[in-house]
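Because the structure is predicted, anything quoted here is derived from the model rather than measured.
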Amino acid sequence: MFSILSLIRAGEIQLVIIYVLARCFVVFVCMPVHELSHALIAYKLGDNTAKNQGRLTFNPIKHLNPIGTLMIFLFGIGYAEAVPVNPNNFKNPKKGMAFTAVAGPISNLLMGFVSVFFYCALYNLFPDSSTVGYYVLGFFYYAAVVNVSLAAFNILPVPPLDGSKVLAAVLPDKAYYKYMQYERYVMIVLLVLLFTGVFDRPVSFLTNFLMNLISFIPSLIFHVA
């Protein structure tokens, strides 16, 4: 995973610019789509809670969380303001929560795929020395990496991430409620692990696997190694 701090230390100013632009795109476009996906699936499954609170929108101001947004720029992984969901409005509360939760990471994978597709489509159009090509390709590549990193990170079974809601469909109710009692402490531990880099290896491994997966078809179509 790429870190803006490591790029600054390495003196890679051009990469820092591309990195910041790509992450602005992720913060103001991809993360709102991520949260809108949660709200839309919940609405389709019978829960109007998110819609009634104005979350069924592309407006990024409605979705962004200050800490989660800062994490995106510093670490490349983070989260937005959680979409309110009332599982009692679903016909099957457990399945409804699981489908609503995975909608966000799936939207990131789809946006990552689109970014990779454009990267591969444009790859052979620019000469190796083209400054414009450097920035355009770099933008799409970083946008893909950050989107896939978001999907990999958010599927972790740690509150308030999406994976913790998917966990609710697997664990017995008593066990899940007991786990969620420690939500605040688990989040603190998560932040510490991010700052110390402990999570870098597992998230990077999953990100690389997913990047290879979504890159397979675009690479074949446009003959990009």
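Annotation: the span from L171 atom CG to K178 atom NZ amounts to 12.5 Å, rounded to 0.5 Å. Note that CD of E35 and CG of N59 are 13.0 Å apart. Values are rounded to the nearest 0.5 Å. Taken from CG in L213 to CG in L206, the straight-line distance is 10.5 Å, to the nearest 0.5 Å. Here the OG1 atom belonging to T57 is positioned 12.5 Å from the NZ atom belonging to K51, to the nearest 0.5 angstrom.
The ring pair (Phe, Tyr, Trp, His ring centres under 6.0 Å) test applied to F126 returns no partner, not counting sequence neighbours. Partners of F25 under the ring pair (Phe, Tyr, Trp, His ring centres under 6.0 Å) rule, at least two apart in sequence or in another chain, are F139. With sequence neighbours left out, the side chain to side chain contact (heavy atoms under 4.5 Å, CB included) criterion links P32 to P60, H63. For K94, the salt bridge (Lys or Arg N to Asp or Glu O under 4.0 Å) partners at least two apart in sequence or on another chain are D173. Legend: residues meeting side chain to side chain contact (heavy atoms under 4.5 Å, CB included) with L110, ordered by chain and number and at least two apart, are I106. Residues meeting the side chain to side chain contact (heavy atoms under 4.5 Å, CB included) test with P84, sequence neighbours left out: T49, Q53, R55. Taking the ring pair (Phe, Tyr, Trp, His ring centres under 6.0 Å) definition, one finds that Y176 meets it with nothing, sequence neighbours left out. Applying the side chain to side chain contact (heavy atoms under 4.5 Å, CB included) rule to Y134 yields the partners Q14, L15, I18; only residues at least two apart in sequence or on another chain are considered.
Residues M31 and V83 do not share a hydrophobic cluster, defined by chaining ILVMFWY side chains whose heavy atoms lie under 4.5 Å apart. Linking ILVMFWY residues whenever their side-chain heavy atoms come closer than 4.5 Å, directly or via other members, places F216 and L109 in the same cluster. Both V189 and V203 are part of a single hydrophobic cluster, where members link through side-chain heavy atoms under 4.5 Å apart. There is a path of hydrophobic side-chain contacts, each under 4.5 Å, that joins I221 to L137. With hydrophobic clusters built from ILVMFWY side chains whose heavy atoms lie under 4.5 angstrom apart, I17 shares a cluster with V132.
Residues near I61 contribute nothing to a hydrophobic cluster around it, because no ILVMFWY side-chain heavy atom sits closer than 4.5 Å to its side chain. Under a 4.5 Å side-chain heavy-atom cut-off, the cluster of Ile, Leu, Val, Met, Phe, Trp and Tyr residues that includes L56 is completed by V33, L36, L40, Y43, F58, M111.
For the pair L21/Y142, no side-chain contact is recorded, criterion being any heavy-atom separation below 4.5 Å from C-beta on. Between F153 and P105 the shortest side-chain heavy-atom distance does not fall below 4.5 Å. Side-chain contact between V102 and D162 is absent, with no heavy-atom pair separated by less than 4.5 Å. Between L122 and F222, every side-chain heavy-atom pair lies at or beyond the 4.5 Å cut-off. The side-chain heavy atoms of K91 and L45, taken from C-beta on, include no pair separated by under 4.5 Å. Between L64 and E81 there is no side-chain heavy-atom pair separated by less than 4.5 Å.
Of all heavy-atom pairs between A80 and N65, the closest is C-CB, 3.6 Å. The two residues A152 and L210 come nearest to each other via the heavy atoms CB-CD1, 4.3 Å. A143 and V26 get closest at one heavy-atom pair: O-CG2, 4.2 Å. Minimum heavy-atom separation, T207 to V148: O-CG1, 3.6 Å. The two residues I41 and A103 make their nearest non-hydrogen contact at CG1-CB, 3.5 Å. What you find for L167 and P157 is that their closest heavy atoms are CD2-CB, 4.2 Å.
The side chain to side chain donor-acceptor pair (under 3.5 Å) analysis of residues 99-122, with sequence neighbours excluded, yields the pairs H34-N108, N108-N147. Each side chain to side chain donor-acceptor pair (under 3.5 Å) pair with one or both residues in residues 215-225, not counting sequence neighbours, would appear here, but there are none.
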- Message: Quick one, V136 with F118, criterion side chain to side chain contact (heavy atoms under 4.5 Å, CB included). Give me CA distance, side-chain angles, the key distance, then yes/no.
- Response: CA-CA 10 Å; V136 170; F118 275 106; over 6 Å; no
- Given Y141 and M211, is the side chain to side chain contact (heavy atoms under 4.5 Å, CB included) satisfied, shown in steps? CA-CA 10 Å; Y141 181 75; M211 276 293 292; 4.2 Å; yes
- Item | CA sep, side-chain torsions, deciding dist, call: F140, F117, ring-ring contact (aromatic ring centres under 6.0 Å, His included) | CA-CA 9 Å; F140 282 115; F117 189 90; over 10 Å; no
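Summarising the local packing, CG of L125 is surrounded by more than 12 heavy atoms from other residues, nucleotides or ligands at distances under 6.0 Å. Within 6.0 Å of CD1 on I217 lie no more than 12 heavy atoms contributed by other residues, nucleotides or ligands. Counting non-hydrogen atoms of neighbouring residues, nucleotides and ligands closer than 6.0 angstrom, the CZ atom of F209 reaches no more than 12 such neighbours.
No donor-acceptor pair under 3.5 Å is formed between the side chain of D47 and the backbone N or O of N89. Between the side chain of N92 and the main chain of K95, a donor-acceptor pair closer than 3.5 Å is present. Looking only at distances, a side-chain donor or acceptor of S164 sits under 3.5 Å from a matching main-chain atom of L161.
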